[in-house]
Amino acid sequence: MSSDSPLVDVVIAVHNDRRPVERAAASVLATKADLRLTVVAHNVEPHAIVERLGALAKDPRVRVLALADGVRSPANAFNHGLDAATGVYVTIIGSDDTLEAGALDAWVALAEQHRADAVIAPVVRDGGFAVPTPRIRSRRRIQVLDADRDRLFERTAALGLQRRATTSHLRYTADLPRGVDQEYGLRLWTSGRVVFDARTPAYREHADQDDRVTHAFGRLIDDFAFLDGFLRLVSTLPAPLRRASVAKVIRVHVIPAVRNRVDAGSLDAADVDAAAAVLDKLTSAAPAATRLLPRELDADLDAIRRRSMVAAAAANGRGASRAGSIVPRAPWLLLHRHAPLRSLAAGRAVMRQVSAAYRLRSSRQGASSGRSGG
């Protein structure tokens, strides 16, 4: 390997010495591809991370970089790693996540074959549960995808592989506690050649750590510090994609932000006011976006607009009906590609494909291990 120009630069940002970074690093170093692994010790002593890595720290492909900025934001550490990257490709791995065997090799091959600027990774969580994004069109294999028609905006995190020659200008939104990848991901999916193959080895998300930086709970307004930059980007997108992207943020971020605080008993008037202000900004950017939302969210939207804590609590307690979850607020949009029916169906299809491929690889690996042990 040329230490100055590997084929793939892998970045892992670690924010404390309790994270199992050695697990993530071991999964990366099992790759055949010419790579360099950069572990960014973010506001933690580098020697503590070296000790955590153990023998892996002595691998010539591994380097540990220090970043002491006093800011509790994953973006700064990600950007520090990106700034230090020189490879043809770059990827970011969570410090408590792993790569399935052969993942990087498969993603590189896919990028090379299709001259892709980005490869979207299949994501599998603990227990073998696949993440149902991107919600690509049915029967679509590995052709170059369309940000609008293939609903790429449904995947926020840029997990996978990026070609540095065409994406090196992208950076995560600095200093934010949450939402640092909102703008990064949308820019990536809408500005280049993007591919996805559900059959490739997966990015593995693990839930055995309880201190993810982006999962910290606080004031609702802090959840949307990314919003102004995101909306500036959204304003440059074609109308259909602008409307769908805004609808997704309302559905996936705004309403859950209120519901989660209702469940935790922490929702207060300031949070409700913040949610109403965020909703106003989003609907001003794409007035027709709420038409795509499922009817089951009507009560939530009404409570937020009325700035009513009582109504928000009542809305959160209502059970969802099947019709309410798939029929959009504008019923004539039932078969629209961004309305719930087709979008959810596409997500389920991707989830089935990823899960089936993952199970097949796991069974083959188990059979191979059994033969070796016998």
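In this text, all values refer to a predicted model and were calculated from it rather than measured experimentally. Note: hydrogens, waters and symmetry copies are ignored here, and every other heavy atom, side chains too, is used.
Considering CG of D150 and CZ of R337, their distance stands at 9.5 Å, rounded to 0.5 Å. Residue I250 holds its CD1 atom at 7.5 Å from CD1 of I255, rounded to the nearest 0.5 Å. Put simply, OG on S363 and OH on Y358 are 11.0 Å apart, with the number rounded to the nearest 0.5 Å. Between the CG atom in L152 and the CD1 atom in I120 there is a gap of 5.0 Å [rounded to 0.5 Å]. Of the inter-residue distances, the one linking T133 atom OG1 with F196 atom CZ reads 7.5 Å to the nearest 0.5 angstrom. With values rounded to the nearest 0.5 angstrom, L67 atom CG is found 9.5 Å from N79 atom CG.
Among residue pairs with one or both ends in residues 282-291, those qualifying as side chain to side chain donor-acceptor pair (under 3.5 Å) are T290-R329; sequence neighbours excluded. Applying the salt bridge (Lys or Arg N to Asp or Glu O under 4.0 Å) test to residues at least two apart or on different chains, none of the pairs has a partner in residues 234-246. Annotation: salt bridge (Lys or Arg N to Asp or Glu O under 4.0 Å) contacts involving residues 270-281, sequence neighbours excluded, comprise R219-D271, D228-K281, D273-R307. Judged as a ring pair (Phe, Tyr, Trp, His ring centres under 6.0 Å), the pairs with a partner in residues 41-63 (not counting sequence neighbours) are, in order, H15-H42.
Judged as a salt bridge (charged side-chain N to carboxylate O under 4.0 Å, His left out), and not counting sequence neighbours, the contacts of R306 are D302. Applying the salt bridge (charged side-chain N to carboxylate O under 4.0 Å, His left out) test to R187 and every residue at least two apart in sequence or in another chain returns E183. Residues passing the ring pair (Phe, Tyr, Trp, His ring centres under 6.0 Å) test with H336, sequence neighbours excluded: H338. Judged as a salt bridge (charged side-chain N to carboxylate O under 4.0 Å, His left out), and not counting sequence neighbours, the contacts of R125 are E205. Taking the ring pair (Phe, Tyr, Trp, His ring centres under 6.0 Å) definition, one finds that Y172 meets it with F78, Y184, sequence neighbours left out. Checked against salt bridge (charged side-chain N to carboxylate O under 4.0 Å, His left out), D105 has no partners two or more places apart in sequence or in another chain.
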Between side-chain atoms of residues 340-347 and protein atoms elsewhere (two or more places apart, or another chain), which donor-acceptor pairs fall under 3.5 Å?
residue, atom, partner, partner atom, Å
R342, NH1, L335, O, 2.8
S343, OG, R135, NH1, 2.7

Report all side-chain donor-acceptor pairs from residues 48-56 shorter than 3.5 Å, counting only partners two or more places apart or in another chain.
residue, atom, partner, partner atom, Å
R52, NE, R19, O, 3.3
R52, NE, E22, OE1, 2.8
R52, NE, E22, OE2, 3.4
R52, NH1, D17, O, 3.1
R52, NH1, R18, O, 3.4
R52, NH2, E22, OE2, 3.2

Run the numbers on V234 and L186 for side-chain contact (heavy atoms from CB on, under 4.5 Å), then give the verdict.
CA-CA 9 Å; V234 164; L186 191 56; 4.0 Å; yes

Under the criterion side-chain contact (heavy atoms from CB on, under 4.5 Å), I'd like the reasoning laid out for V195 against V144: C-alpha separation, chi angles, the key distance, then a yes or no.
CA-CA 5 Å; V195 296; V144 176; 4.3 Å; yes

In sequence, state the C-alpha distance, the side-chain angles, and the governing distance for R193 and T166, and then conclude on side chain to side chain donor-acceptor pair (under 3.5 Å).
CA-CA 10 Å; R193 293 172 61 86; T166 51; over 6 Å; no

Stepwise, does the side-chain contact (heavy atoms from CB on, under 4.5 Å) test hold for V258 with D300?
CA-CA 9 Å; V258 174; D300 299 86; over 6 Å; no

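Within the 4.5 Å cutoff, side-chain heavy atoms of K248 are placed close to those of T156.
A side-chain N or O of T38 and one of R63 form a donor-acceptor pair less than 3.5 Å apart.
Between the N43 side chain and the V71 main chain, a donor and an acceptor come within less than 3.5 Å of each other. No donor-acceptor pair closer than 3.5 Å links the side chain of S355 to the backbone N or O of R352. Although no hydrogens or angles enter the test, the distance criterion places no donor-acceptor pair under 3.5 Å between the side chain of D117 and the main chain of R163. For the pair R259 (side chain) and A312 (backbone), a donor-acceptor distance under 3.5 Å is absent. For N260 (side chain) and P256 (main-chain N/O), a donor-acceptor pair under 3.5 Å exists by modelled atom type.
R137 and D146 are not joined by a salt bridge, as no carboxylate oxygen comes within less than 4.0 angstrom of a charged side-chain nitrogen.
Across every non-hydrogen atom of W107 and A202, the tightest pair is CZ2-C, 4.2 Å. The shortest non-hydrogen separation linking F226 to G179 is CB-O, 3.4 Å.
A side chain to side chain contact (heavy atoms under 4.5 Å, CB included) with L99 holds for exactly one of T91, L29, I93, V10; it is I93.
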